[in-house]
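Quick caveat, the model's predicted, so the values are computed rather than measured. Computed from heavy atoms alone, side chains included, the values below leave out hydrogens, waters and symmetry copies.
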Number of protein chains: 2
Amino acid sequence: MLEPQSADVFRAVADPTRRAILDALRRGEQPVNGIASAFPVSRPAISKHLRLLREAKLVVERRRGRQRVYALDPRPLDEVNAWLNDYRVMWRQALARLKTHVESQHRRTQR
Amino acid sequence: MLEPQSADVFRAVADPTRRAILDALRRGEQPVNGIASAFPVSRPAISKHLRLLREAKLVVERRRGRQRVYALDPRPLDEVNAWLNDYRVMWRQALARLKTHVESQHRRTQR
DNA sequence: ATGTTATGTAACCATATGGTTACCTGACTT
DNA sequence: AAGTCAGGTAACCATATGGTTACATAACAT
């Protein structure tokens, strides 16, 4: 194995709880307790997720008094987007093939 | 923890080796040995990755004589794409903000 | 100064993950 | 029929992951 690497956006986004945290932050920045209260897991669990997200640079932390306010930074998601790009072509082709197929079926039915 | 769920596209795509397998299959379908030869890990390891990809429906298996030929099916990636969509707006805004900022800097420099 | 709030971190636990070697089976070869 | 080839699976191992509770600390409240 041997991969205790951090900052992996794909890995960060693989966990459903972490995606949900990002989704929550889309509505605006929030302190940790604000975030945690929306989830069924303990606050420390959320803290750990936030650390990972921080390492992946998907969130930034700002201190306000005794709270830490977290805000979303969607930019690293562009790596995922870029990777997907190479597949978009294919799946457009797949759709085209499907369309052609349906049309030929249609023609067959027509005649 | 408790989540031995399968068919998770995000999880399937989180592993770099699995992404590489998909990337390889973009060039066309291939039998297991064909795929495995391109990687530093053992064939059984690849088999396990393929099983996961199969469960996520990202690949389909076809038998040809004694080989199993794997082909890419990019359609499940649309789930990732859809999720990203919600962020595209934001990162367009982020870019816009950046642009505005740069322009205002420019103006400042100009005068 | 003392208490309380907000949050990170350490220690611990169970399960998941990714890898390996050994083995099994189905399908061509001879 | 006997041998070989392709590839799945089982058993095992080390490390990662996600969660919990207990503790530590900085900042505000009294």
Side-chain angles (χ1 to χ4, degrees), chain A residues 1-25 28-72, chain B residues 1-25 28-72:
Chain A
M1 268 169 100
L2 246 161
E3 30 181 344
Q5 52 176 10
S6 330
D8 183 339
V9 182
F10 285 92
R11 200 158 52 96
V13 145
D15 183 81
T17 303
R18 273 185 308 258
R19 284 200 302 281
I21 291 177
L22 294 177
D23 289 344
L25 289 178
E29 53 178 31
Q30 277 189 67
V32 177
N33 274 333
I35 301 169
S37 64
F39 293 90
V41 298
S42 70
R43 193 191 40 73
I46 298 294
S47 268
K48 294 218 278 184
H49 284 307
L50 285 172
R51 191 226 275 258
L52 241 155
L53 292 172
R54 224 185 303 133
E55 285 170 352
K57 306 207 197 279
L58 283 163
V59 298
V60 288
E61 182 214 274
R62 180 172 52 93
R63 298 183 189 204
R64 182 172 63 190
R66 49 188 140 175
Q67 14 188 34
R68 319 248 180 145
V69 180
Y70 280 85
L72 178 61
Chain B
M1 267 170 103
L2 247 160
E3 32 183 340
Q5 52 177 9
S6 329
D8 184 340
V9 181
F10 284 92
R11 198 158 52 96
V13 145
D15 183 82
T17 302
R18 275 187 307 260
R19 283 199 304 278
I21 291 177
L22 294 177
D23 289 344
L25 288 179
E29 51 176 32
Q30 277 190 65
V32 177
N33 274 332
I35 300 168
S37 65
F39 293 88
V41 299
S42 70
R43 192 188 42 71
I46 298 294
S47 267
K48 294 218 281 183
H49 284 307
L50 285 172
R51 191 226 275 258
L52 241 155
L53 292 172
R54 224 185 304 131
E55 285 171 352
K57 307 207 196 279
L58 283 163
V59 298
V60 289
E61 183 214 273
R62 180 173 52 93
R63 298 183 187 204
R64 184 171 62 190
R66 49 186 140 177
Q67 19 188 32
R68 319 246 180 146
V69 180
Y70 281 85
L72 178 60

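With DNA chain D read from its 5' end, the first of the two nearest nucleotides for A:Arg63 and A:Pro44 is the one closest to A:Pro44. Remark on DNA chain D: of its neighbouring residues A:Gly65 and A:Arg18, the 5'-side contact belongs to A:Arg18, judged by nearest-heavy-atom nucleotide.
Taking atom CD1 of A:Ile46 as the reference point, atom P of C:dT9 lies 15 Å away to the nearest angstrom. If you take CZ of A:Arg64 and P of C:dG8, they are 14 Å apart, rounded to a whole angstrom. One interatomic measurement links the two molecules: CG of A:Asp15 to P of C:dT17, which rounds to 11 Å at whole-angstrom precision. For B:Glu29 and D:dA6, the CD to P distance is 17 Å, given to the nearest whole Å. Whole-Å rounding puts the A:Phe10 CZ to D:dT17 P distance at 16 Å. In this structure, the CD atom of B:Glu55 is 12 Å from the P atom of C:dG18, given to the nearest Å. Whole-Å rounding puts the B:Arg62 CZ to C:dG26 P distance at 21 Å. Here the C1' atom of nucleotide C:dT9 and the CG atom of A:Leu50 are 14 Å apart, to the nearest Å.
The two residues A:Ala14 and B:Asp8 have their closest heavy-atom pair at O-OD2, 4.4 Å. The two atoms that bring B:Leu58 and B:Leu72 nearest to each other are O-CD1, 3.5 Å, heavy atoms only.
Note that CD1 of B:Ile46 and OG1 of B:Thr17 are 6.5 Å apart. Values are rounded to the nearest 0.5 Å.
In the displayed structure, B:Arg54 atom CZ is contacted under 6.0 Å by more than 12 heavy atoms of other residues, nucleotides or ligands.
Distance alone, capped at 3.5 Å, places no donor-acceptor pair between the B:Arg11 side chain and the A:Asp15 backbone. With hydrogens and angles ignored, the 3.5 Å screen pairs no side-chain donor or acceptor of B:Arg68 with any backbone N or O of B:Glu61. Of the possible donor and acceptor atoms, none in the side chain of A:Arg43 sits under 3.5 Å from a partner among the backbone N and O of A:Ala36.
Look at A:His49 and you won't find any side-chain N or O under 4.0 angstrom from OP1 or OP2 of D:dT17. Residue A:Ser42 places no side-chain N or O under 4.0 Å from the OP1 or OP2 atom of D:dG19.
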Can you name the atoms? Protein N/O to nucleotides 5-7 of chain C N/O, anything below 3.5 Å, with the distance.
| unit_1 | atom_1 | unit_2 | atom_2 | d |
| --- | --- | --- | --- | --- |
| C:dT5 | O4' | A:Arg66 | NH1 | 2.7 |
| C:dT7 | OP1 | A:Val32 | N | 3.2 |
| C:dT7 | OP1 | A:Arg68 | N | 3.1 |
| C:dT7 | OP2 | A:Asn33 | N | 2.8 |
| C:dT7 | OP2 | A:Asn33 | ND2 | 2.9 |

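No donor-acceptor contact under 3.5 Å links the side chain of A:Lys48 to the base of C:dG8.
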